[in-house]
2 protein chains.
Amino acid sequence: MFSKACEYGIKATIFIVLKSHEGKRVNPKEIAKEIDSPEAFTAKILQALVRHEVIVSVKGTYGGFEIDKDKISTIKLADAVRAIDGDSIFNGCGLGLKSCDEDHPCPVHDKFKDIRDALKNMLEQTSFEELAFNIKSGASFLKL
Amino acid sequence: MFSKACEYGIKATIFIVLKSHEGKRVNPKEIAKEIDSPEAFTAKILQALVRHEVIVSVKGTYGGFEIDKDKISTIKLADAVRAIDGDSIFNGCGLGLKSCDEDHPCPVHDKFKDIRDALKNMLEQTSFEELAFNIKSGASFLKL
DNA sequence: CTTATTTAAGACAAATTTATCCTAAATAAA
DNA sequence: TTTATTTAGGATAAATTTGTCTTAAATAAG
Ligand code: SF4
Ligand code: SF4
C-alpha cells in the first residue's frame with residue numbers, strides 16, 4: 001500500500017505532533033527509537049517532510065523537528081503521504097495503464113475507483129492530531 | 001497498490017479467460033504483446049499462476065496457457081492477487097506493525113480497516129469472467 | 001522413436017527502494 | 001567570534017523487485 005518510507009514518515013509525524021503539543025522538539029535519533037525505524041533513513045524522510053512543509057526543522061543546539069502549534073490541527077494524513085509517495089495513490093491505481101481515463105479505462109476501473117476514492121477521502125479527512133490523541137490515550141501504538 | 005508482477009498477472013489472466021472462452025490456448029509471446037508487458041517476466045508470472053492453480057499450462061506443440069472452461073466463472077481477482085502478491089494486501093496494511101491486532105493497533109487501524117475490507121471484498125467478489133466480458137464489449141481495455 | 005515445440009527453472013542483470021555514512025551548512029550558546 | 005550541536009545533502013551500499021537469457025523437461029506430432 002504505502003512505501004516503507006511513507007510508513008516511517010506517518011509514524012514520525014504522529015510522534016512529532018505529540019511532542020509539539022508539549023512544546024518540545026525532537027531529533028531523528030529519538031524519533032527512530034520511538035517508531036522503531038532505521039535512524040539515517042528516517043532522517044532522510046524527515047528532510048522530505050520539511051521540504052514539503054509538513055514539519056519544520058530547527059538547526060543548532062536545542063534544535064530538532066517540530067510543527068507550528070497553530071498548524072497542528074490542520075495537517076492530514078494525505079499531506080505526509082503526498083510528501084513522500086507523491087500522489088500516485090490518489091490517481092494512479094489498479095492495473096496502472098499509461099494513459100487511462102473514464103473513456104479508456106482498464107478492466108478493473110469501475111471496481112477500483114470506489115476503493116481509491118474511499119482511501120483518498122480517508123487520508124484527506126484524518127488529521128494527525130486525531131491520531132496522536134489516540135496514542136496519548138493508549139488506544140493505539142507506534143511500535144510492536 | 002499491487003506489484004508490477006501482479007498487474008501483469010491480472011491482465012494476463014483476463015486475456016487467457018477471453019481466449020479460453022473461444023477454446024484457444026495462448027503462449028507468453030502473444031500474452032505479452034496483448035497486455036504490453038515484458039515477455040520473459042510475464043512467463044515467470046504465468047508459472048506462478050500455474051503453481052497456484054489459477055491457470056493451466058500445456059506443453060508441446062499446440063500447447064500454451066488456458067483455463068478449464070467450467071472453472072472460468074469461479075476465478076476471482078483475489079485468486080490471482082494471492083498467487084502473486086500473497087495475502088499481505090488482505091491482512092497486512094497501514095503502518096505495517098510487526099504484530100498488530102485489534103487490541104494493539106497502530107494509529108491508523110480504525111480508519112484503515114474499512115478500506116482494506118472493502119478492497120478485500122471487491123477482490124473476492126469480482127470474477128475474471130466479468131472483467132473479460134467488459135473487454136469483449138469494448139467497455140474497457142488491456143493496454144494504452 | 002525421433003523431432004519440433006512449448007512451458008519450467010535457474011542463473012544472471014538492471015532498476016528501484018531501503019538503508020548507511022561522511023561532510024557541509026546553519027545556528028545558538030558561551 | 002569560537003565552538004558545540006544539529007539538520008541538510010551527497011556518495012555509497014544492501015536488499016528487493018523487475019526483467020533477461022540460457023538450458024532442461026515435457027509433450028504432441030510425424
Ligand atoms: S483505468 Fe481506472 S482503475 Fe485502471 S489504472 Fe486507470 S484510473 Fe486506475
Ligand atoms: S491498520 Fe490495523 S492491521 Fe493494519 S498495520 Fe495498523 S494495526 Fe495492523
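Lettering of chains follows the sequences in order, A, B, ..., and the numbering in each one begins at 1.
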Partner of F128(B) under side chain to side chain contact (heavy atoms under 4.5 Å, CB included), chosen from V17(B), I16(B), L18(B) = V17(B)
Once you round it to whole Å, what is the distance between C1' of dT18(C) and CD of E7(A)?
-> 12 Å
Is any NZ, NE, NH1 or NH2 atom of the basic residue among R82(B) and E124(B) found under 4.0 Å from an Asp or Glu carboxylate oxygen of the other?
-> yes
Separation of dT6(C) P from Q47(B) CD (nearest whole Å) | 16 Å
Answer yes or no: is there a donor N or O on one side and an acceptor on the other, between the side chain of T126(A) and the main chain of L123(A), under 3.5 Å?
-> no
In 5'-to-3' order, the base (B), backbone-only (S) or no-contact (-) status of each nucleotide in nucleotides 19-30 of chain D, using a 4.0 angstrom heavy-atom cut-off, is BB-----SBS--
Reckon S57(A) has a side-chain N or O less than 4.0 Å from the OP1 or OP2 of dT6(D)?
-> no
Hey, are E7(B) and K4(B) close enough for a salt bridge, meaning a charged N less than 4.0 Å from a carboxylate O?
-> yes
Between C1' of dT7(D) and NZ of K29(A), the distance in whole Å | 15 Å
Under 4.0 Å between a Lys/Arg side-chain N and an Asp/Glu carboxylate O for K76(A) and E130(A)?
-> no
Among V50(B), V56(B), N27(B), the one residue meeting side chain to side chain contact (heavy atoms under 4.5 Å, CB included) with F65(B) | V50(B)
Using whole Å, report how far CE of M1(B) lies from C1' of dT17(D).
-> 18 Å
Take the protein atom CG of D36(A) and the nucleotide atom C1' of dT18(C), then report the distance between them rounded to whole Å.
-> 15 Å
Between CG of D85(B) and C1' of dT18(D) the distance, given in whole Å, is 13 Å
Report the distance from atom CD1 of I84(B) to atom C1' of dT18(D), rounded to the nearest whole Å.
-> 13 Å
R51(B) vs dA8(C): side-chain N/O to OP1/OP2 distance below 4.0 Å = no
H104(B): partners by ring-ring contact (aromatic ring centres under 6.0 Å, His included), with sequence neighbours left out | F141(A)
Taking CZ from F65(A) and C1' from dT5(D), how many angstroms apart are they, rounded to a whole number?
-> 13 Å
Mind checking V26(B) for me? I need base, sugar-phosphate or nothing, with any heavy atom below 4.0 Å counting as a touch.
-> sugar-phosphate
